[in-house]
Amino acid sequence: MSIGLSEQEILRREAMAELRNLGINPYPAEAFDVTTNAKDIKENYERDKTAYKNIRMAGRIMTRRIMGSASFAEIQDASGRIQIYLNRDEICPTEDKTLYNTVFKKLLDIGDFIGLEGYVFTTQTGEISVHVTNMTVLSKSLKPLPIVKRDEEGNIYDGFTDPELRYRQRYVDLTVNPEFKDIFINRSRVINTMRGYFDSQGWMEVETPILQPVHGGAAARPFKTHHNTLDMPLFLRIANELYLKRLIVAGFDGVYEFGKMFRNEGMDRTHNPEFTSMEIYVSYKDYIWMMAMVEECLEKVALATNGSSKVKVGEQLIEFAGPYEKLSMYDSIKKYTGIDVSEQDEQGLRSICKDLGIDVDPSMGRGKLIDEIFGAKVEANLIQPTYITDYPIEMTPLAKKHRSKEGLVERFELFVMGKEIANAYSELNDPIDQRERFEDQLKLADRGDEEAMAMDEDFLRALEYGMPPTSGLGIGIDRLVMLMTNQSTIQEVLFFPQMRPEKKAKFVSIEDFTALGVPAEWVPVLQKMGFNSPEELKAGNPNKVFNDLGGMRKKLKLEIAMPDKDLVMTWFA
RNA sequence: GAUCUCGUAGCUCAGCCGGUAGAGCAUAACACUUUUAAUGUUGGGGUCCUGGGUUCGAGUCCCAGCGGGAUCACCA
């Protein structure tokens, strides 16, 4: 599909063909072994110059400065950029100067991958560079990369900044804005640090179904799909909690899973339809124990990503070393509104919401109303890591009743920068109580609460066989990575955030035109002239089309035979 | 879902009261053996997001659509 190639794209295709004519494969199959990379050279050359007298490296050409028979260029590999120096008579020691004059100066472009042999030296201006003695074309780039200019102070001049293009073409973004790679490197560190910590405790990483017949474990609208062979509906998981608990029933004493969850809900800078969560369940523990574990874990994550337990996020310096402040749900509301909601019934809560200017609707039960007050008045104040504990039972159908406080459950959520990043319970393992909680959820659903949880009979059966006392935790990995990398949008921590589909280019096959008698080599020309379908062509003026074909042939310097006028007229018959 | 805002060359952006489009980088040609936002000279490159409307005339004004961004709402 080569509709509307730009001038530069056409030139690059011609350069690619010319390379082939010279016997140079623009996409060679052979491996190109390297001995070093840009970062290694810059960091270690000064210390051990003898080690860099004969090196091999490979990467993309990112800038070129050609000065007659000598040239400088910058090569970018996975580790960074380094300047290279080429001298015509050194890379072409014989009379044949093709490799330099033609291949390097004419046929290579910014974005092409090349392999280099040479030695490291320091230029007169003091820049560590690679003096090239041999050069191999490794891959031709047919589309021009956006050019991002940087000066010595690192100021950026023509930045590639359009978020739409950056997210849709992340491969371009990370090529020309390599500093954004650090976010993803740190994302990997976050996950690996947590995994290493859990493994060192003896807990096991597991995988549970993503396609689920009942979407349980959380309250959210799911994505629905269909299995053909079984002829049954399936849902992409909104949570994996109930499966991990089944594994605790099965006799594992610590299981965890990093995985994608899918929720068919709104998108904004903290929500993507698919997101990564980590859930962990450890038997014979409770939520008090879990708080200490989270503190230890997050401190390790902060150290791994920022080199310190203190992380700068926006204008704040967040301290991830524990212990974190602990505040019960009721106390937090009292602290920030002065109102004691602990003894209020549903009616009392409704009037409090009204006084505070919080919108409510009739489907909301007592727990939901308290959550609304909390969300409106408390959440935004929780900047440093803070545990909110002991939630009303109505909000939390999977948590165990509080050991001493009537009407509450043993649950905490961890808030940082006003956002929830973790949620943990002493898990409910009483199968009779669990069934009643599910039934209460069904009543809420009858009142119109779309988020109420569904009954899962198989999960209840598992609990009836017996689950040991267990503490469970879920952490939103994307939001944690946002904190650890100081990013304010979820798109920046996802390689490929969800986007609306690109406007589909009107795709018409060459055959649609050749069926009219148009020679295949002229089809792209017609398309460039704006005729995207045979219908559009037929609506055109035959004489004008014939004249314009000649014009385009000249303009694009096409070396293809001009169709004669009688042939053109038959296209409109 | 609501409001505001943006969509012009490969990239970043100008474009006045409505008169058939400009710059820098990139690209092409020439020159140049240590440059580094290389430089100098000369060129080429545009469906001004799409479709309607007003007008003698629309990149510009109006309407609708598509796509992006921001804010808000929703979101255990």
Side-chain angles (χ1 to χ4, degrees), chain A residues 4-12 14-15 63-74 81 83-90 100 105-106 109-111 121-127 129 131 142-168 172 176 217-221 238-239 241 263-271 273 359 367-368 371-372 374-375 388 391 394-399 411 413 420 423 425 449-453 474 476 488-489 491 499-504 506 527-532 555-557:
Chain A
L5 288 180
S6 72
E7 181 190 31
Q8 292 189 47
E9 289 173 294
I10 292 165
L11 284 164
R12 284 178 180 230
E14 288 170 358
T63 67
R64 290 199 302 171
R65 293 182 284 278
I66 296 172
M67 297 163 303
S69 54
S71 294
F72 289 91
E74 280 176 291
R81 285 190 187 190
Q83 176 170 271
I84 63 169
Y85 172 77
L86 291 92
N87 182 298
R88 180 187 63 201
D89 297 324
E90 289 180 71
Y100 182 79
K105 280 171 69 175
K106 308 277 188 203
D109 291 291
I110 289 173
F121 75 114
T122 306
T123 64
Q124 288 177 2
T125 50
E127 178 153 349
S129 306
H131 194 124
L142 295 182
K143 283 179 100 64
L145 286 168
I147 303 298
V148 177
K149 287 275 184 182
R150 292 173 170 78
D151 66 15
E152 280 178 42
E153 284 87 46
N155 298 314
I156 292 174
Y157 289 89
D158 290 307
F160 179 69
T161 55
D162 181 339
E164 176 176 7
L165 290 174
R166 286 189 48 233
Y167 300 153
R168 285 195 198 281
V172 173
V176 304
R221 285 161 57 197
I238 57 174
E241 172 160 356
R263 296 188 183 177
N264 205 342
E265 292 174 343
M267 295 165 55
D268 59 30
R269 66 182 195 288
T270 55
H271 295 82
D359 291 335
K368 187 87 179 160
D371 190 41
E372 290 290 321
F374 176 80
I388 299 297
Y391 284 61
E394 297 89 339
M395 297 165 62
T396 316
L398 300 173
R411 171 185 184 180
E413 288 190 319
E420 177 208 338
N423 182 21
Y425 313 146
D449 185 347
E450 291 183 14
E451 294 161 358
M453 223 173 268
S488 57
T489 70
Q491 285 95 334
M499 306 277 282
R500 281 200 168 78
E502 282 183 82
K503 198 170 32 170
K504 207 163 42 176
K506 279 173 260 176
Q527 287 170 335
K528 184 148 182 83
M529 284 161 60
F531 298 110
N532 289 316
K555 187 170 157 189
L556 298 176
K557 302 192 183 78

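Every heavy atom of this structure was used, including side-chain atoms; hydrogens, water molecules and symmetry mates were not. Protein chains get the first letters and strands the later ones, always in sequence-line order, with residue 1 at the start of each.
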Query raised in the report: With both distances kept under 3.5 Å, what pairs with B:G67, Watson-Crick or G-U wobble?
Result: B:C6
Requested in this report: Name the pairing partner of B:U47, where a pair is Watson-Crick or G-U wobble with both distances under 3.5 Å, or state none.
Outcome: none
Report task. Look at the side chain of A:Glu413 and decide which nucleotide, out of B:U33, B:U27, B:A76, has an atom nearest to it. Result -> B:A76
All N/O contacts under 3.5 Å from nucleotides 20-25 of chain B to the protein, with atom names and distances to one decimal?
| residue | atom | partner | partner atom | Å |
| --- | --- | --- | --- | --- |
| B:G24 | N2 | A:Asp158 | OD1 | 3.3 |

Query raised in the report: Given that A:Leu11 and A:Pro146 both sit by RNA chain B, which one's nearest nucleotide is further toward the 5' end?
Result: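 Result of the comparison: A:Pro146.
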Output one line per pair: protein atom, nucleotide atom from nucleotides 68-70 of chain B, and distance, for all N/O pairs under 3.5 Å.
| residue | atom | partner | partner atom | Å |
| --- | --- | --- | --- | --- |
| B:G68 | OP1 | A:Arg500 | N | 3.2 |
| B:G68 | OP2 | A:Arg500 | NH1 | 3.1 |
| B:G68 | O4' | A:Glu164 | OE1 | 3.2 |

Taking [M] as the reference, what is the distance to [N] when you measure between their [atom1] atoms (whole Å, please)?
{"N": "B:C48", "M": "B:G15", "atom1": "C1'", "value": "11 Å"}
{"N": "B:U8", "M": "B:C13", "atom1": "C1'", "value": "9 Å"}
{"N": "B:G24", "M": "B:A14", "atom1": "P", "value": "16 Å"}
{"N": "B:U35", "M": "B:G40", "atom1": "C1'", "value": "15 Å"}

Measure all distances between protein nitrogen or oxygen atoms and nitrogen or oxygen atoms of nucleotides 29-32 of chain B, and list the pairs falling under 3.5 Å.
| residue | atom | partner | partner atom | Å |
| --- | --- | --- | --- | --- |
| B:C30 | OP2 | A:Lys106 | NZ | 2.8 |
| B:C32 | N3 | A:Ile66 | O | 3.4 |
| B:C32 | N3 | A:Gly68 | N | 3.2 |
| B:C32 | N4 | A:Gly68 | N | 3.2 |

Requested in this report: Select base, sugar-phosphate, or nothing to describe what A:Glu420 touches, counting heavy atoms under 4.0 Å on all strands.
Outcome: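 Contact class for A:Glu420: sugar-phosphate only.
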Requested in this report: Report which part of the nucleic acid A:Met453 touches: base, sugar-phosphate, or nothing (heavy-atom distance under 4.0 Å, all strands).
Outcome: base
Query raised in the report: Which pair of non-hydrogen atoms, one from A:Ser69 and one from A:Tyr100, has the smallest distance, and what is that distance?
Result: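 Taking A:Ser69 first and A:Tyr100 second, the nearest heavy atoms are C-OH, 3.3 Å.
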Requested in this report: Would you please confirm or rule out a distance under 4.0 Å between OP1 or OP2 of B:A38 and any side-chain N or O of A:Arg65?
Outcome: yes
Query raised in the report: Any idea if B:C17 is syn or anti, going by the 90°-from-0 cut?
Result: syn
Query - Donor-acceptor pair present, A:Gln83 side chain and B:U35 base, under 3.5 Å - result: yes
